[in-house]
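These notes concern the structure reproduced below.
Just so we're clear, the structure is a prediction, and the values are computed from it rather than from any experiment. Below, chains carry the letters A, B, ... as their sequence lines are ordered, and counting in each starts from 1.
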Number of protein chains: 2
Amino acid sequence: MARNVEFNEDQATQKAMEVFWEKGYNGASLRDLTEAMKINSSSLYNTIGDKQELFLRSVQRYADDRKKDIKRRLESGKSAFNILIDYINDAVDVITTKKNGCMAVKMAFEVGHTDKRVADVLKADSDFAFSFLRDLIKSAMEEGSIAADEEPELLADYFNSTWTGWYESYILHKDGEKIRRMAQFFIKQISK
Amino acid sequence: MARNVEFNEDQATQKAMEVFWEKGYNGASLRDLTEAMKINSSSLYNTIGDKQELFLRSVQRYADDRKKDIKRRLESGKSAFNILIDYINDAVDVITTKKNGCMAVKMAFEVGHTDKRVADVLKADSDFAFSFLRDLIKSAMEEGSIAADEEPELLADYFNSTWTGWYESYILHKDGEKIRRMAQFFIKQISK
DNA sequence: AGTTTTCTGAAACATTTGTTTCAGAAAATA
DNA sequence: TATTTTCTGAAACAAATGTTTCAGAAAACT
């Protein structure tokens, strides 16, 4: 004896994510969001909650997508070294072709200090990427394709933080060739 | 036959910079700003201009401070290699001790896509640091303290973008030891 | 089909936003 | 000191913000 929610919450969150991604948390207004989501604010507040909650879910969703992407890479059957190389090259590709770069990085700088719940999601996302990289690096060392004279944990942290600077560089200089050269240098350095 | 501006524009801009630095452009309200600057909004609009103009000047000021800092380093009389090492270690220090990290990085991610004038200031700031690093790297190569098998330009870009990732890492993980280890690894890699 | 519960749309809400107004105080010149 | 110009403080402005309200439409159940 009741009605169901009409709109697709998943599709709506996806749209909200895109708006936050482009405008940032403070730059996105409720009207920007509900317009993109194609729902009324009453529906939003009835089902999802307020702006912060919507934002949290948007970031969560972004992290979920990345997790899936990483799992797909692990199931590709390629060698550890090649998975790493692909991961780096794909990062370069995202940086130089997608309009808004990486949402996690952008949000870390905007609300990492102020929104504890979002910061926790971003930290977990970073931790997951870290484990992914550490395990691959370990395997690549055993394969003999990466020099084994450093701890995999250190290298994983180092990798993980490297792309962030490339994002910033591309925002400022819009020079894709520059990013590709840095990536090439990076790969050369770690290859045995 | 006229009155002079009462408040110190330089001190006020400094205060505005601090507010923007902490809260971001969209997160800082005019009332936040004028309260910190200890001036009335009428004075602000009479002398400096609107919020965007104040923001531009704040970022400009930040860039000026960095320029001065870099010039001071060049005049220190130390070897190119040591100036580089100090620069890296000081960056680590800023990341792990100052509450709000680097303003230029934060703003690049928040408004780099939307505010052309600010983006230009940030780009010039980045270019200046680039030249500083490139020249030092060239000198260090001539000194023989850095391996000369890469182009100084590439290494300068690579350096310049490296700290950014460390900032993000510290925001998420608040692990100073992690940053110091990455910096040590970085220094070891470039040292001959 | 009737009942009941829930969702939706439009409008309204109180605050906060960036900005402007203006009367009076302040000070630099003559 | 008188004059004139300009700055300052407080208040007001319209527009935008995040959020709530509520009447009616919609649909799941009996």
Partner set under side-chain contact (heavy atoms from CB on, under 4.5 Å) for N40(A), not counting sequence neighbours: S42(A), S43(A)
Terminal axes of the helix from dA1(C)-dT30(D) to dT17(C)-dA14(D) (five pairs each): angle between them, nearest 10 degrees: 20°
Options dT8(C), dT19(D), dT8(D), nucleotide nearest the side-chain atoms of F7(B): dT8(D)
Test applied, side chain to side chain contact (heavy atoms under 4.5 Å, CB included); reference residue, M37(B); option that passes from Q14(B), Q11(B), M17(B), K15(B): K15(B)
Integer-rounded Å distance: dC7(C) P and I39(A) CD1: 13 Å
With E177(B) via side-chain contact (heavy atoms from CB on, under 4.5 Å) - residues at least two apart: D175(B), R180(B), R181(B)
Rounded distance (Å) that lies between atom C1' of dG18(C) and atom CZ of R31(B): 8 Å
Phosphate OP1/OP2 of dT16(C): any S29(B) side-chain N/O under 4.0 Å: no
Proximity to the side chain of D50(B) - top-ranked nucleotide from dT19(C), dG18(D), dT21(C): dT19(C)
Integer-rounded Å distance: dT17(D) C1' and K23(A) NZ: 14 Å
Rounded distance in Å - NZ (K51(A)) to P (dT19(D)): 8 Å
Y87(B) ring center near F132(B) ring center (under 6.0 Å): yes
Distance-only donor-acceptor test (3.5 Å): side chain S41(A), base dT20(D): yes
Shortest side-chain distance from L30(A), nucleotide among dG9(C), dT19(D), dT19(C): dT19(D)
Rounded distance (Å) that lies between atom C1' of dA26(C) and atom CG of N46(B): 15 Å
Spacing of N40(B) atom CG relative to dA26(C) atom P, expressed in whole Å: 15 Å
S43(B) side chain, from C-beta outward: closest of dG9(C), dT8(D), dG18(D): dT8(D)
Sub-6.0 Å ring centroid separation between Y62(A) and F20(A): no
is_close_aromatic(F159(B), F186(B)), centroid dist under 6.0 Å: yes
Under 4.0 angstrom between Y45(A) side-chain N/O and dT19(D) OP1 or OP2: yes
Whole-Å distance separating the CD atom of E9(B) from the P atom of dT8(D): 11 Å
Within 6.0 angstrom of E143(A) CD, more than 12 heavy atoms from elsewhere: yes
Protein-nucleotide distance (N26(A), atom CG; dG18(D), atom C1'), rounded to Å: 12 Å
